[in-house]
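Computed from a predicted structure; not experimentally measured.
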Amino acid sequence: MRVAGLALFPIMVLSAGALGGQTTAPWRRTVFPTGVNLSGNTGPQLGIGFALTRKADSLSPRLLDASIGASAGYGWRGSWFGSLAFRAPGLWPGWRVVLTGLAQREALFEFLGVGNETIYDPKLVNDTQPYFYKVRRTRHLAALEVTRAVRWGSSVAVAVGIARSRFDSLRGRSVFRSTYGPSVDETDRTARLTLVFDRRSSEYDPRRGFLVELSVTTGSGGGGYTRFSGAARGYIPLGAHTWAALRLAAARGVGRLPLSAAFEMPMWEGSIDVLGGPTTHRGLRSQRFVGRDVEFGTVELRRSLVRRAGRFELLAAAFVDFGRVFDGEPFVPTVTGLKVGPGLGLGLRLRGKTLTHVYVTHGPDGIVVTCRTGWSF
């Protein structure tokens, strides 16, 4: 909890300044359950969160001008987490700030190996090796990102962060133990520069426009590395209630990446898991494929099925996710070796706020069900 605790002081300073400059909507307090899941990485887990938010103007492309949140939870298999976050996309004209801190232990973190040809065989999980595809991951991290708008929807963002990660093998034989031994302990200090071109109609429910981001990240972990990444998203209206959403993304590393960095792809105002899960490939288990380089994309058709005076909306999606990782081989954009997953989804929104989106996808390892708050991208 040390790194997350250090993030508390700047959060208090920034939030105090924001509160003092309040000129529009009032700040509202919310207490809510969080971390309620049956994740394969944590086991059963339950948590609680507190948030202080300020709603954006009704004509704004975002829901909130700012939010300050804290949450914590515990699982009865030994998993736990505590997080702090300050997000201010609309407090100061032309500026955006994101400050986060996290302490987390995932007692049953899934690890199926490295590379694009790893195999998942449930028969290898038995009484003598119950954790064949598991490892314990403990993380402490803090990150700050500041974005400055330039003109015509373009922005420049600078981010710095520090992460301490430890992987510990569990009882019996496992893929992790045979690859890395009993444990891996890493510290990674990073700096990232991102160019952003954002012409979306809305940040939380885009139905027209595009977002393009190009980043370069340097890190100290693994002996030092540089990572180049980019993502493009497009939204095309096809009628009053139907629109298409398209995405292409890729990342390439130079140098030796630490193991912890291979699980995530740096993105503007955050990161996403590589490769698998609701933010990258819904037809794969979380972090199903891990590698130094990655490419992935989505073709999705979205439709508003039912809408009642802005209070209730039922949404549907049909999509195809695809992607692959590269490790021990050169990164070359290709369609060879792509993991493809077609699927369907349903979303529910009340009074303009998304409750959840549930997706059912047929991937290389069978049927996968995922859910998240809001669209996949």
[X] side chain near [Y] side chain, heavy-atom distance below 4.5 Å:
{"X": "Trp268", "Y": "Asp198", "value": "yes"}
{"X": "Arg148", "Y": "Trp95", "value": "yes"}
{"X": "Tyr131", "Y": "Ser169", "value": "no"}
{"X": "Phe296", "Y": "Leu284", "value": "no"}

Distance flag, aromatic centroids of Phe109 and Phe263, threshold under 6.0 Å: yes
message: Tell me whether the rings of Tyr133 and Tyr120 are parallel (<30°), tilted (30 to 60°) or perpendicular (>60°).
response: tilted
So, [X] and [Y], do they make that salt bridge, N to O below 4.0 Å?
{"X": "Glu203", "Y": "Arg96", "result": "yes"}
{"X": "Arg247", "Y": "Glu300", "result": "no"}
{"X": "Arg139", "Y": "Glu264", "result": "yes"}
{"X": "Asp185", "Y": "Arg166", "result": "yes"}
{"X": "Asp365", "Y": "Arg285", "result": "no"}

Minimal non-hydrogen separation, [X] against [Y], with atom names:
{"X": "Thr190", "Y": "Gly219", "value": "CG2-CA, 4.1 Å"}
{"X": "Ala66", "Y": "Trp27", "value": "CB-CH2, 3.6 Å"}
{"X": "Ala249", "Y": "Met265", "value": "CB-CE, 4.1 Å"}
{"X": "Val274", "Y": "Val290", "value": "O-CG2, 4.0 Å"}

- prompt: What distance separates Asn116 CG from Leu275 CG, expressed to the nearest 0.5 Å?
  reply: 8.5 Å
message: Within this structure, what is the OG1-CZ distance for the pair Thr187 and Arg164, rounded to the nearest 0.5 Å?
response: 4.5 Å
message: Determine whether a donor-acceptor pair (N or O, by modelled atom type, separation under 3.5 Å) exists between the side chain of Ser271 and the backbone of Met267.
response: no
Cation over ring face, [X] and [Y], 6.0 Å, 45°:
{"X": "Arg54", "Y": "Phe86", "answer": "no"}
{"X": "Arg282", "Y": "Tyr359", "answer": "yes"}
{"X": "Arg233", "Y": "Tyr235", "answer": "no"}

